[in-house]
Structure formats: structure tokens, C-alpha cells
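Have a look at the structure below before the remarks.
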There are 2 protein chains.
Amino acid sequence: MNDRRTRIVEAATDLICRNGFQQTSVDDVIREAGLCGKAHFYHYFKSKEELGYAVVQHRFEQFAEEGLSILRDPMVDPLERLDRFIDAEVASQAEQDCRGGCPFGNLVTEMADAHEGFRQRLATVFERWAGQLQSVLWEARPQLRDDADIARMARFIIATLEGGLLMSRVTRDVTHMEAIAGDLKRFIAAQRRETPAVSVGP
Amino acid sequence: MNDRRTRIVEAATDLICRNGFQQTSVDDVIREAGLCGKAHFYHYFKSKEELGYAVVQHRFEQFAEEGLSILRDPMVDPLERLDRFIDAEVASQAEQDCRGGCPFGNLVTEMADAHEGFRQRLATVFERWAGQLQSVLWEARPQLRDDADIARMARFIIATLEGGLLMSRVTRDVTHMEAIAGDLKRFIAAQRRETPAVSVGP
DNA sequence: TGACGCTAAGACTGGTCGGTCTTATTGTTG
DNA sequence: CAACAATAAGACCGACCAGTCTTAGCGTCA
């Protein structure tokens, strides 16, 4: 059945996000999932690489559900949503004791140069992530300066978060991530229209 | 002689910066350096890990000389130096076709969680890097707002550059790095004193 | 010339890896 | 019960790795 494949992908996602792709062996995944032999694994996946692609896909779906969903909450002001998303990233880093970093960033570092297939799939992940941020910023457009470049801002936010994760990971000090996230919020705040837009009646 | 050890470290630095630590075998290093056998290698280095530490050290010395030296040029205004440093990072990324990223960032991702020895040495690297940035910002203090937090700014700059390298690496598009670097410069510019400080005569 | 000590080179060891192949077990149909 | 199909499990293969051990070749000194 297909949910056995799903089960394998889940186990592999855990392992790969924790230890990286190269440091996770197919045997490890089999053992962790514990419901098929090696030959059977290669019935579900043409190769280990194929498993890696499935993991990228799966992890992004998790992220879209657990992380990016904050950006979609229609009951909250868009710029407030953005702040909450940034706070959630900081909180998540604190929760895992500054270890692990961003699974997508990790895989970029590990695989992007050597493996075009991974690079493309990861590029798609970041594109979609940036797309969600752009949607929020677009909603917040009336509050933003006319010259605010939304696509650019979205990429800047991602880059800064990724860098913040890296810095707090190496220092193992979440206050670094907090400070960087704080500065990022100030950067975003600086893109707000100085005089708030006034809605004009008919 | 000791310069044979140096030669090995140089070869290993090339290989490890290009392919990562785990993906570089001791045999690869031997072959690349081409001037000693394996047993001899283990005379110079207690283990592969030890070689890795030497590579971190060596690569940082290169970086301090080639990259960070821009920050020390006494003939240039400090904030101008900072801009030039950022430009140099972008140019370097363009030169290597958006591949490779930052060797220190790569090693953090690869090793920091699993290997305390690497984590500590890499933390030192980032500390020194941040230290150089702080020196520049300190020099620029008269031009900066009174509430500018210099240590925080230094870390923010590093984080943003690291994130920019990652983004342009996955998209293989240096314009992303350029845009992020541009926003970073705007962030720094926003920390300038609004009314320039006036030197008061006696 | 001959005996000895030192070093460089790479063969070797035990282990891991991705991926395949064989075998055992189960279920199904007459 | 018997013959066969489908599937599961893990033994196995060649390649590679970090680290050690053996050996062959060199210079040195008598």
C-alpha cells in the first residue's frame, strides 16, 4: 500500500533532517521505519536520491502546514502575521536547543552544488516560501511605502532567518537568533508608510 | 619539514571547501598534495578531524587576509569600507558561479551539531569575523545613531550575508545575493545619525 | 663495500555504504 | 494436498573509508 511508502518517507524525513542526507543510510531508514526489507524499499524508491526528493516534498508540506500557515490566518493583520511567523521561527530554534537549523538550508549546503536534482527541488521550496511571504506583503501593501519591493523583501526575510539560524546554531545561543530576528522586524517596520494610508470615502 | 604539513593543509582546504569535510577522504588529500604516503600523513595529523581543525584555521587566515582586510584599510571611511566588504562578498559569489557558499557556514551546517570540536572552532571564527565588523562600526560611531547596537549590527550583517549566499546558491542567481546585499546596505544606512555629528572646536 | 637505521609508499584491516539477488514464507487455486 | 504466484527478509557484492602495518629503498657510517 501507499501509506507504507508514506511511513518510510516520514521515518526518512526525521533521520535526514536530523543527520543530513549523506549521513543517513538506507539501512538506517529501513530500521527506523521497521516495516520492510531492503529489496522492498527499492520497490518503492528507484534510488536513495529518489527518497531524498520525497523527503524534501514531505518536509515542505509539513512546513506549509505548521509554519507557513501562520502567514495565512485571515483574522490577523498581515504585518502582525509576519511578526508572528518570525517569532515562531525563533521559538522553534529555541525548542530544539539551537540544533538542526533549517532542513532546506541544510540540504542546499549539502547537496545543491553537486546534485542538480536536489538544487532544483530546493529552489522550488524557497520559491514557494517566498511566494507565501509575498502574499502577506501584498495584503499589507496599503501599510507599506510605495517604493517597497515586495519580492525583494520576501527574499531578504528568508535570507536573514536562514542566517540567524546558522549564527545561533554555531554559538548555541538563541539570543543571537532573537537579536537578528528583532533587527529583521525593525527592517520590515522601516518599510511602513510614514503617514498611514487614509481610506477616502465616496 | 613543517611546510610539508602546510602544503597538506592547503590541499585539504581546497578539497574540503569545495566538497565538504565528510565527502573529502584522507586519500583524496594525499593524492592532491602528492608528497607523502598515508602513514606519513598520520605523522602530521593525529586524525582526519585534526586536519579539519587545521583547515578551519587556515581558511580563516586566508579570509582575514583577502576578505576582512578590506575592513581595515585606514585610508577609507569606515562605513564605505563596510559597503566595499559587502560588495566583495557579492563579487566573490558571482566569480564562483554561485557555487560553494561560505566555507565556514558550510562546516557549521555539516559538523556543528555532531562535533563539538568543530562547533567551538567555528564559533571562534564567527566571533573574530564579528569582531572585525565591530571595530569598523566602532570607528564609524560618530556617524551612527546613539542607539545603534554595534555588536548586534555585526551579527546581523554576517547572518544576512550567509543567508544571501544560501539563497543565491540554491537559485544559482547572483542577482538574489545582490538584492539582499543591497537591502543590507540600506539597513546599515538606516542606522546613521539623521543629523550628522558636528565636530566642535575648542 | 657492507651493515644498519630511517622514511616513504601503499597494502591491508575491519567496517559501512548503495544496490541486487537468493531464499523463505505466505496465500491462492485446483 | 499440491503446484504456483507474490512478497518479504536479509545475505551478499563491489566500492570506499579511516587508520595501521609491512616492506622496499634510501642514505649514512665504518
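Sequence lines set the chain letters: A, B, ... in the order given, protein chains first and strands last, and positions in each chain run from 1.
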Checklist entry - Heavy atoms, side chains only, cut-off 4.5 Å: are A:Met177 and A:Leu161 in contact? => result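 Counting from C-beta outward, A:Met177 and A:Leu161 do come under 4.5 Å.
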Checklist entry - When you check every protein heavy atom under 4.0 Å of nucleotides 5-12 of chain D, what one-letter string (B, S, -) results, 5' to 3'? => result ---SBB--
Rounded to whole Å, how long is the line connecting atom [atom1] of [X] with atom [atom2] of [N]?
X: B:Ile30; N: C:dA8; atom1: CD1; atom2: C1'; answer: 11 Å
X: B:Ile8; N: C:dA8; atom1: CD1; atom2: P; answer: 10 Å
X: A:Asn19; N: C:dT16; atom1: CG; atom2: P; answer: 16 Å
X: A:Arg31; N: C:dC17; atom1: CZ; atom2: C1'; answer: 12 Å
X: B:Tyr42; N: D:dG19; atom1: OH; atom2: P; answer: 4 Å
X: A:Lys46; N: C:dT20; atom1: NZ; atom2: C1'; answer: 16 Å
X: B:Phe41; N: C:dT7; atom1: CZ; atom2: C1'; answer: 18 Å
X: A:Asp28; N: C:dG18; atom1: CG; atom2: C1'; answer: 12 Å

Item to check | All side chain to side chain contact (heavy atoms under 4.5 Å, CB included) counterparts of A:Asp183, not counting sequence neighbours | outcome: A:Arg186, B:Arg152, B:Phe156, B:Phe187
Checklist entry - By side chain to side chain contact (heavy atoms under 4.5 Å, CB included), which residues pair with A:Glu32, not counting sequence neighbours? => result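 Residues passing side chain to side chain contact (heavy atoms under 4.5 Å, CB included) with A:Glu32: A:Ala11, A:Leu15.
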Checklist outcome for this item: Sorted by chain and residue number, the salt bridge (Lys or Arg N to Asp or Glu O under 4.0 Å) partners of A:Glu116 (sequence neighbours excluded) come out as A:Arg119, B:Arg172
Next on the checklist: Going by the rule salt bridge (Lys or Arg N to Asp or Glu O under 4.0 Å), which residues pair with B:Asp28 if we only count those two or more places apart in sequence or in a different chain?
Outcome noted: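 By the salt bridge (Lys or Arg N to Asp or Glu O under 4.0 Å) rule, B:Asp28 matches B:Arg31.
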Next on the checklist: Are B:Trp129 and B:Phe63 an aromatic pair, judged by ring center distance below 6.0 Å?
Outcome noted: yes
Output all residues satisfying ring-ring contact (aromatic ring centres under 6.0 Å, His included) with [X], sequence neighbours left out; order by chain, then residue number.
X: B:His40; value: B:His43, B:Tyr44
X: A:Phe118; value: A:Phe21, A:Tyr53, A:His115
X: B:Phe41; value: B:Phe45

Next on the checklist: Could you work out how much the helix from C:dT1-D:dA30 to C:dG30-D:dC1 bends, comparing the axis of its first five pairs with that of its last five, to 10°?
Outcome noted: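 Rounded to the nearest 10 degrees, the bend comes out at 30°.
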Next on the checklist: Does C:dC17 have its OP1 or OP2 closer than 4.0 Å to a side-chain nitrogen or oxygen of A:Ser25?
Outcome noted: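 Affirmative; the distance criterion is met.
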